[in-house]
Amino acid sequence: MNKDTKTYFNTTNQSSEYVKKRVAKNKTQEEIVLGIFKEHEKLSASQVFSMYPKRVPLTSIRRAISNLKFIDKLEKLDQTRIGIYDAPEHLFKLSEK
């Protein structure tokens, strides 16, 4: 089954050219996040955020993880850890599918 996911949500009604650029950038973010997971057994969004090579919003990391989970590249674990905002976050790992 081929799952498509949106890498950019045009909630502010931007031009198609702007959306194209954001989609390309966000796909790159997902590739970077996936690469970080390939080097570690399991991680939370905050952990990925702390390892990410550039400064990006934590919400961008969460979006990338959600999208990678949706296309079966990552699995959500039952385990949690306390994140950077002192709230529990689920851990994720590379999918075995």
Side-chain angles (χ1 to χ4, degrees):
M1 177 174 168
N2 184 14
K3 292 183 179 180
D4 288 329
T5 183
K6 294 181 88 171
T7 60
Y8 179 77
F9 298 88
N10 191 11
T11 59
T12 55
N13 200 26
Q14 298 298 314
S15 70
S16 61
E17 190 60 36
Y18 179 85
V19 170
K20 275 191 223 177
K21 289 178 185 175
R22 295 303 302 188
V23 166
K25 181 177 181 177
N26 290 350
K27 282 188 179 186
T28 301
Q29 286 177 340
E30 288 176 14
E31 292 167 5
I32 292 169
V33 168
L34 190 58
I36 292 170
F37 272 97
K38 288 179 179 177
E39 296 176 10
H40 298 85
E41 184 178 341
K42 53 189 172 183
L43 297 167
S44 70
S46 291
Q47 289 174 305
V48 173
F49 176 75
S50 70
M51 296 176 205
Y52 199 82
K54 299 183 254 182
R55 186 177 167 140
V56 296
L58 179 58
T59 54
S60 292
I61 301 298
R62 292 187 193 285
R63 178 202 36 80
I65 289 172
S66 293
N67 286 347
L68 290 167
K69 181 184 173 292
F70 181 77
I71 60 172
D72 296 326
K73 299 283 185 180
L74 295 178
E75 289 180 30
K76 183 178 180 180
L77 303 174
D78 290 333
Q79 296 172 279
T80 61
R81 69 179 301 277
I82 300 301
I84 60 175
Y85 296 115
D86 292 324
E89 296 180 326
H90 277 276
L91 296 176
F92 293 81
K93 71 173 190 164
L94 286 176
S95 178
E96 296 176 12
K97 293 181 183 181

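- Nearest approach of Leu68 to Leu34, heavy atoms of both residues: CD1-N, 4.0 Å.
- Both Leu74 and Phe70 belong to a common hydrophobic cluster when Ile, Leu, Val, Met, Phe, Trp and Tyr are linked at side-chain heavy-atom distances under 4.5 angstrom.
- Listed here is the closest heavy atom pair of Gly83 and Ser46: CA-OG, 3.6 Å.
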| request: Could you go through the side chain to side chain contact (heavy atoms under 4.5 Å, CB included) check for Leu91 and Gln47 one step at a time? | output: CA-CA 9 Å; Leu91 296 176; Gln47 289 174 305; 3.7 Å; yes
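- In this structure, Glu39 has no side chain to side chain donor-acceptor pair (under 3.5 Å) partners at least two apart in sequence or on a different chain.
- Qualifying salt bridge (Lys or Arg N to Asp or Glu O under 4.0 Å) partners for Glu41, counting only residues two or more places apart in sequence or in other chains: none.
- In this structure, OG on Ser44 lies 7.5 Å from CD1 on Ile65, to the nearest 0.5 angstrom.
- Taking 4.5 Å as the limit, every side-chain heavy atom of Lys73 sits out of range of all side-chain heavy atoms of Glu30.
- Residues satisfying the side chain to side chain contact (heavy atoms under 4.5 Å, CB included) criterion with Thr80, sequence neighbours excluded, are Pro88, His90.
- Residues satisfying the salt bridge (Lys or Arg N to Asp or Glu O under 4.0 Å) criterion with Lys42, sequence neighbours excluded, are absent altogether.
- Partners of Phe49 according to the side chain to side chain contact (heavy atoms under 4.5 Å, CB included) rule, which considers only residues two or more places apart in sequence or in another chain, are Leu58, Ile61, Ile84.
- Judged as a salt bridge (Lys or Arg N to Asp or Glu O under 4.0 Å), the pairs with a partner in residues 75-94 (not counting sequence neighbours) are, in order, Arg62-Glu89, Lys93-Glu96.
- Across all their heavy atoms, Phe37 and Leu43 have their closest contact at CE2-CB, 3.7 Å.
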